[in-house]
Every structure is written in C-alpha cells, then in structure tokens.
Amino acid sequence: MSLGYAEKLSYKEDIGTVGMTEIFDSPQTLQEKIEELATIIKHSKHLVAFTGAGISTSCGIPDFRGPKGVWTLQRDGKSIPEASLPFDRATPSFTHMALVELEKAGILKFLISQNVDSLHLRSGIPRDKLSELHGNSFRELCPSCGVEYVRDFEVETIGMKETPRRCSDENCKARLKDTVLDWDDALPPKEVNPADKHCRMADVVLCLGTSLQVTPACNLPLRCIRGGGKVVIVNLQPTPKDKKAGLVIHGLVDKVLAGVMQLLNMRIPPYVRVDFLQICFKRLISKDNDQRYVRWALSVGSVHGSRAPLPFVRLVEVLFPENPLLKGAILTKPPFHLTRQMLSRPLKMLVKLNFGDGCRCSCTSIDFPLNFEALKGSIDNDTDGVVQKLRDSALQDPSCGQCEIVERKSLLSTRSEITTYAIVTNVVRHRCSPVVIPSKENGFVRQTYQNIVKRLNERTDGNEASPKRLK
C-alpha cells in the first residue's frame, strides 16, 4: 500500500498520544456489551456512525496510533509499516459493509469519517449521507463549479493543492484540487456542517475504531449528549472521551459489528468491485496510400483521462486467435498503445487484460472485432444498470472478470471510436462469526443464536414503543 498520505503531511511535533496498550474486554464482558449495543441500535431513532483508522486495519491499511501504527513507529525512529496490497486495491472490511446494510435498512441515518481511504464510498454508502471530514485521497474537487471526481488511483497531492487534471465541464475547465487536509487546514464547511447537524439530531453516535484525539473532529460526537443522546465507543485503546460515553467496548470492531449484525438478524451484503477502462481504436492514414492495407492505433487507458494512471492493469496482450501468422503484442507500460498496418479485411482481435495485485482474478479478455470499412456505431447504456447486472453475475460466478460495454462513442471526423467497459475485478463475501460466550461450568461453549435473541427481546418486553421484535 502507498502510505503517501502520511509522508506528505507537514511536520507536526505534537500529534497527541500514540502507542498506547490495547485493551481487550473479557469474552463474557464483550458478549454482554455486544448485546447491549444491539439493543441500543435496535431502539435508536437517529443513529450516526463516526469512524476512524481502526475500521480499516483489517483491510491491510495500517492505523496511526496503534502499537504498530504509522506515527507510533515514526516516534520510535522506525520506518513506515509495509502493507499487504496497494492502497487503491484495499477492500472494504466487515464493518464497512455492515454500515452499508444498516444504512439500506434505514437504521443508520448518517456516517462521519476521519479516514481518507475512500472505502466508505467504495462500499456503497451514498455520498449525501457521508461526511469525509479530512478528505479523500481518491477524490478531486473543482474549486470553480464544485463538481467532485472520484478516482481509482491515489491523487498525487494533499493540502488542497492543484492536481494535473482539469474539470471536464467544457464551460469550466478549471484546474482541480485534491481534497485531503494537512494538519493546519480547517475542516471544509461542506463536510463539517452536515456532520454537526446530524450529531445534534442523533440519539446515538457510534464511534468505531477512533482514538478521538484529532480536533476539532473528535468533539462532534459529544454534540448528541446535549439533546439526551448517547455516545458509544468501540476501540482497542482508551480515548479522552470514554468518561462521557454511555458504553465503551474494548474489542475488534469487526468482531463487535459481526455480533451485533447477527443479533439484529441482518446479513452482510457481498462486496463486488467494478472498475472501468476505455479502449480507443483509431484508423490512421496509410503512409503509402495502398488501399489494400490499413494503418490503425489501439490504446487502453483510464476513463479519467489519457494521462491518468490505470493502476489495476499490469499489462495488456493483443492477440489474433484466428490468424496465427499475425504477431501479437505485449504492452507493459501505460499508456498501453499499439500501432499496426495490415490488410484491410475483417479481423477478430482479442484484448487480454492482466490485472495487478489485489484483484481476485488474474486476467480477463475482451473480444474486439475489427471491420475497417465502417465504425461499429455508438452505444450509451445505463451505467447503473450495467454495474448491477455485473454484480448479479459476479455473485453467481465469483471467479470475476465479467465485463460489459457501458458506452461507445463513434467519431466520424477522426475515424475513431472510444469504448468504455465495466469489469468485475473483486468479489468478497463477509460472514458473521458464530456467537461464543463463556460458561463458568464448561469453559467456552457455543450458545445458540435463538437463545441470545430471546435474551435480547426480553430486554424490550413491556416497552410499547419498541420496534418489532427480533426473529
């Protein structure tokens, strides 16, 4: 993983407490607290989640203040920790997907994140229900017209500086800026104002995987207390806000949310990642004007612009399976570009995409028939519909690699066509772990889900305003 964000931050001597010892509640205490949290969520009217780096550690992204966090190691004079996969290929955790399911069910009303890893957006949280207080390493903003661009690559800068790209609006074309804050940058009103509003409205603010040390963000969850709300903290280390919380749980966030979701009888949706790329085919003018031959160019690139990186593609192979005498090509460096001259006759071409680390499938192939007499014609499919179709097919065939055309633009003036493809590059299924509680007589024993639900429902008996009982 690229830890460019941490390296790009300006120097700050006082970054708060780091490297504190992690605390784990006993199994029985943890189970009791999970049941209490499930009850709290079940009865909540306006639940807000507030997340920190601790929810992404299981995704392969190091935290900052943990025993092996980025700032902890830097304080001790050690190098930044290595990550198991590229930053842009990190996959949403169980916790990310649990929050998606709670939002879809109408339980989670708003989500506030201090993270810059874009995993909440990738998981499926709607942008209008998400405040990214400290920005997003994969999001650019047009300072002129306000349009946001979410990328599949990490933006080069932080500190709201200009990036190499411009707004795609023909009437604007302003230079874009990154959205990640540096230490002394103020929280953007567009992010902090709705966060503040929802914390004041909340009856429960659920703080997950955050040390609650970075100001002023860390003070937002306390806004709910003035209106009679409750703060719940799930973190392995103590926080400065623990004394004001109604419930503090010391446990792995994924494990806690797994128990809660199981008690609420809610399943975690699979995560299906769909990436996009463009194939541009252009017929060129032949050098010798021999009508028997045609000269053409093929480019495989990013949908974000010709100069933008295409991080999930390692190399591209161009093959001619029905014409063994035609030599194929291996394109190893972006931009993946090939120019050829050959006889002007219909031809079947295969474009094989070889994916990099973090993709579940190693490769996929796209049939790309060539007919030099005419362009294929324009196509404009519903992007959301194409993506949903791919997600449905990926759940039936988890090997990945499924692809569909989203759009094709045929440009007669330049004798070229640009085809945009959507490709499934990852499928991850999350499962709730079986609930285990300790028994004084028999040590650790497995308790049935039905018995725990019975206990949970007993807590709500006699409350006429309680939501529907769990089943």
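Keep in mind that this is a model prediction, so the values were computed, not measured. Note: hydrogens, waters and symmetry copies are ignored here, and every other heavy atom, side chains too, is used.
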Closer than 3.5 angstrom, by distance alone: can the side chain of [X] be matched with the main-chain N or O of [Y] as a donor-acceptor pair?
X: Asp182; Y: Asp184; result: no
X: Arg166; Y: Lys173; result: yes
X: Ser26; Y: Thr29; result: yes
X: Thr57; Y: Ala53; result: no
X: Arg429; Y: Leu395; result: yes
X: Ser131; Y: Glu191; result: yes
X: His250; Y: Asn235; result: yes

Mind checking what makes side chain to side chain donor-acceptor pair (under 3.5 Å) contact with [X], not counting sequence neighbours?
X: Asn354; answer: Glu317
X: Thr364; answer: none
X: Asn381; answer: none

Restricting to non-hydrogen atoms, name the atom on [X] and the atom on [Y] that form the minimum distance, rounded to 0.1 Å.
X: Ile112; Y: Cys199; answer: CD1-SG, 3.5 Å
X: Leu133; Y: Ala195; answer: CD2-CB, 4.1 Å
X: Leu264; Y: Ile41; answer: CD1-CG2, 3.9 Å

Tell me, please, which residues at least two apart from [X] pass salt bridge (Lys or Arg N to Asp or Glu O under 4.0 Å).
X: Glu407; result: none
X: Glu132; result: Arg139
X: Arg151; result: Glu140

Ring centres of His304 and Phe276 under 6.0 Å apart?
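No, too far apart.
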May I ask you to say whether Arg89 pairs ionically with Asp275, meaning some side-chain N is under 4.0 Å from a carboxylate O?
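A salt bridge links Arg89 with Asp275.
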To the nearest 0.5 Å, what is the distance between NE2 (His430) and CG (Leu257)?
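Here the rounded value is 11.5 Å.
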Sequence neighbours left out, cut at 3.5 Å: what donor-acceptor pairs do the side chains of residues 305-313 make with other protein atoms?
none

When you check the side-chain N and O atoms of [X] and [Y], is any donor under 3.5 Å from an acceptor?
X: Asp254; Y: Thr95; value: yes
X: Asp178; Y: Thr157; value: yes
X: Ser93; Y: His96; value: yes
X: Thr51; Y: Ser113; value: yes

Counting C-beta onward and ignoring hydrogens, is there a side-chain heavy-atom pair between [X] and [Y] closer than 4.5 Å?
X: Phe138; Y: Val155; value: no
X: Ser123; Y: Leu99; value: no
X: His134; Y: Asn115; value: no
X: Val232; Y: Ile40; value: yes
X: Val351; Y: Ile279; value: yes
X: Tyr421; Y: Val406; value: no
X: Gln402; Y: Asp397; value: yes
X: Phe355; Y: Cys400; value: no

Hey, mind stepping through Leu37 and Leu247 against side chain to side chain contact (heavy atoms under 4.5 Å, CB included) and telling me if it holds?
CA-CA 8 Å; Leu37 177 56; Leu247 175 64; 4.2 Å; yes
What pairs meet the salt bridge (Lys or Arg N to Asp or Glu O under 4.0 Å) rule with one or both residues in residues 94-110, with sequence neighbours excluded?
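Passing the test, one end in residues 94-110: Glu103-Lys129.
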With sequence neighbours excluded, give me every salt bridge (Lys or Arg N to Asp or Glu O under 4.0 Å) pair touching residues 112-121.
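The answer is none; no pair qualifies.
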Tell me whether the NZ or CZ atom of Arg122 lies within the 45° cone about the ring axis of Tyr271 and under 6.0 Å from its centre.
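The answer is no; the distance or angle limit is not met.
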Going through the checks in order, is the side chain to side chain contact (heavy atoms under 4.5 Å, CB included) test met by Thr239 and Gln213?
CA-CA 7 Å; Thr239 82; Gln213 290 193 58; over 6 Å; no
Not counting sequence neighbours, which residues clear side-chain contact (heavy atoms from CB on, under 4.5 Å) with Lys190? List them please.
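With neighbours one apart ignored, the set is Glu148.
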Listed partners of Asp392 passing side-chain contact (heavy atoms from CB on, under 4.5 Å), at least two apart
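Per chain and number, Asp392 pairs via side-chain contact (heavy atoms from CB on, under 4.5 Å) with Gln388.
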Could you please spell out the steps behind the side chain to side chain contact (heavy atoms under 4.5 Å, CB included) verdict for Leu353 and Val316?
CA-CA 5 Å; Leu353 308 170; Val316 175; 4.0 Å; yes
Suppose the criterion is side chain to side chain donor-acceptor pair (under 3.5 Å): which pairs have a residue in residues 194-209, not counting sequence neighbours?
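Listed once each, the pairs are His46-His198, Asp196-Arg200, Asp196-Arg223.
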Verify side chain to side chain contact (heavy atoms under 4.5 Å, CB included) between Asp169 and Val147, making sure each step is shown before the conclusion.
CA-CA 9 Å; Asp169 188 327; Val147 174; 5.7 Å; no
